[in-house]
Amino acid sequence: MKHGCGLGDANAMLRVYVAKRPPMQEYAQLNGVQPLCRGEIDSINQACGNGWRKLFNVYAKLVQALPEALQPLKQASTSWQSYRDQHLLQAGSSAALLFSAPQLQPTSNTLHIIAGRTHARVLLAGGLDAQLDWLDHEFAMDKQQRLLVCPYFDYRQLSNEKIERLCGLIEKITD
């Protein structure tokens, strides 16, 4: 699995890692990175509930708030809603949502974000080779590996204010 297992662009510059995949038959045997088609996010939301809707919305909000250096990810979208519906996790989006462990390569331009402190600790216990500097109980970074840990992609955990903080950390890690 060169690129991991998940949804989105196999060559994504922005890779977000979550512990679980959508509980749908079409994703049960996923063993690579599969781009979504337009409308597929809405299908996942309808089949899997509010938690997945929140995850996709927060992901889209993060992309819209990214620092100048990562602006090409926005795909010329005017809002996070249009980005979510027209580009997020589709082929060529340069964004991925992965259910596997990060495959870190310090020389690449890939930005890795682990969503959730508990998930990060499970990955570390499973052998993830990262030296996380915990900035507080929610955020951590490994600048050399271009790896960040943030709260899970949910409105209550990763609020708009925390998205702004995450963007500041992204700016530090990508400069």
Side-chain angles (χ1 to χ4, degrees), residues 4 6-9 12-23 35-36 38-90 92-99 102 109-123 130 132-143 145-175:
L7 305 173
D9 186 342
M13 179 187 344
L14 177 60
R15 296 170 184 255
V16 174
Y17 300 86
V18 296
K20 297 178 184 172
R21 61 184 75 207
L36 295 181
R38 220 175 254 190
E40 202 165 350
I41 284 178
D42 190 49
S43 296
I44 294 169
N45 292 344
Q46 289 182 23
C48 301
N50 201 34
W52 284 94
R53 182 181 60 79
K54 290 176 184 179
L55 185 148
F56 292 128
N57 287 352
V58 170
Y59 200 144
K61 284 181 172 190
L62 171 63
V63 170
Q64 286 303 113
L66 285 171
E68 195 67 34
L70 298 171
Q71 291 301 309
L73 279 165
K74 291 184 182 183
Q75 307 281 328
S77 295
T78 56
S79 69
W80 65 265
Q81 294 95 334
S82 67
Y83 173 78
R84 178 201 58 213
D85 296 341
Q86 298 171 19
H87 303 288
L88 181 63
L89 306 177
Q90 295 181 26
S93 67
S94 200
L97 180 66
L98 300 169
F99 317 120
N109 287 330
T110 304
L111 176 62
H112 304 274
I113 300 174
I114 299 172
R117 175 183 65 235
T118 302
H119 186 45
R121 289 190 173 134
V122 167
L123 290 169
L132 291 176
D133 175 20
W134 286 93
L135 309 172
D136 58 30
H137 71 284
E138 295 180 307
F139 290 90
M141 69 168 30
D142 179 336
K143 189 167 183 172
Q145 301 280 11
R146 295 173 57 102
L147 172 67
L148 293 166
V149 176
C150 70
Y152 188 74
F153 280 31
D154 176 284
Y155 303 140
R156 290 168 289 172
Q157 296 178 51
L158 192 61
S159 63
N160 290 341
E161 294 80 22
K162 290 179 184 178
I163 289 173
E164 287 179 32
R165 177 158 185 224
L166 179 58
C167 285
L169 294 174
I170 289 170
E171 203 159 19
K172 282 183 182 180
I173 217 167
T174 58
D175 62 11

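Under a 3.5 Å cut-off, the side chain of Arg146 and the backbone N or O of Lys143 do not form any donor-acceptor pair. In this structure, the side chain of Asn45 engages the main chain of Arg53 through a donor-acceptor pair within 3.5 Å. Judged by distance alone, the side chain of Tyr152 and the main-chain N or O of Leu55 form no donor-acceptor pair under 3.5 Å. Judged purely by atom type and a 3.5 angstrom limit, Arg117 has no side-chain atom pairing as donor or acceptor with the backbone of Pro151.
Contact check for Pro35 versus Asp9: no side-chain heavy atoms found under the 4.5 Å cut-off. Between Val18 and Phe153 the shortest side-chain heavy-atom distance does not fall below 4.5 Å. Contact annotation: the side chain of Leu98 never approaches that of Val16 to less than 4.5 Å [non-hydrogen atoms, C-beta and beyond]. Side-chain atoms of Leu88 and Tyr59, non-hydrogen and from C-beta on, do get closer than 4.5 Å to each other. Leu148 has its side chain within reach of Met141: a pair of non-hydrogen atoms, C-beta onward, lies under 4.5 Å apart.
Between His119 and Tyr17, the ring centre distance reaches or exceeds 6.0 Å.
Checking each of Leu62, Ile170, Leu166 against Cys150 for a side chain to side chain contact (heavy atoms under 4.5 Å, CB included) leaves exactly one that passes, namely Leu166.
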Take Trp80 and Asn57, measure what side chain to side chain contact (heavy atoms under 4.5 Å, CB included) needs, and give me the verdict at the end. CA-CA 8 Å; Trp80 65 265; Asn57 287 352; 3.4 Å; yes
Using side chain to side chain contact (heavy atoms under 4.5 Å, CB included), reason through Leu147 and Ile113 one step at a time and then give a plain yes or no. CA-CA 6 Å; Leu147 172 67; Ile113 300 174; over 6 Å; no
Trace of the side chain to side chain contact (heavy atoms under 4.5 Å, CB included) decision for Leu14 with Val63: CA-CA 9 Å; Leu14 177 60; Val63 170; 3.9 Å; yes
Passes side chain to side chain contact (heavy atoms under 4.5 Å, CB included), Thr110 versus His112? Steps please. CA-CA 6 Å; Thr110 304; His112 304 274; 3.6 Å; yes
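For the residue pair Ser82 and Ser77, the shortest heavy atom distance occurs at OG-CB, 3.5 Å.
A donor-acceptor contact closer than 3.5 angstrom is absent between the side chains of Asn160 and Tyr155. For the 3.5 Å distance criterion, the side chains of Gln81 and Asp85 fail to qualify, holding no donor opposite an acceptor.
Residue pairs meeting the salt bridge (charged side-chain N to carboxylate O under 4.0 Å, His left out) criterion with at least one member in residues 159-171, sequence neighbours excluded, are Asp136-Arg165, Glu138-Lys162.
Relative to the six-membered ring of Trp52, Arg21 misses at least one condition, a distance below 6.0 Å or an angle of at most 45° to the axis.
Expressed to the nearest 0.5 Å, how far CG of Asn109 lies from CE of Met13 amounts to 7.5 Å. How far CG of Leu123 is from CD1 of Ile114: 5.0 Å, rounded to the nearest 0.5 Å. In this structure, CG on Leu158 lies 9.5 Å from NZ on Lys61, to the nearest 0.5 angstrom.
The salt bridge (charged side-chain N to carboxylate O under 4.0 Å, His left out) check on Arg38 picks up nothing, with sequence neighbours excluded.
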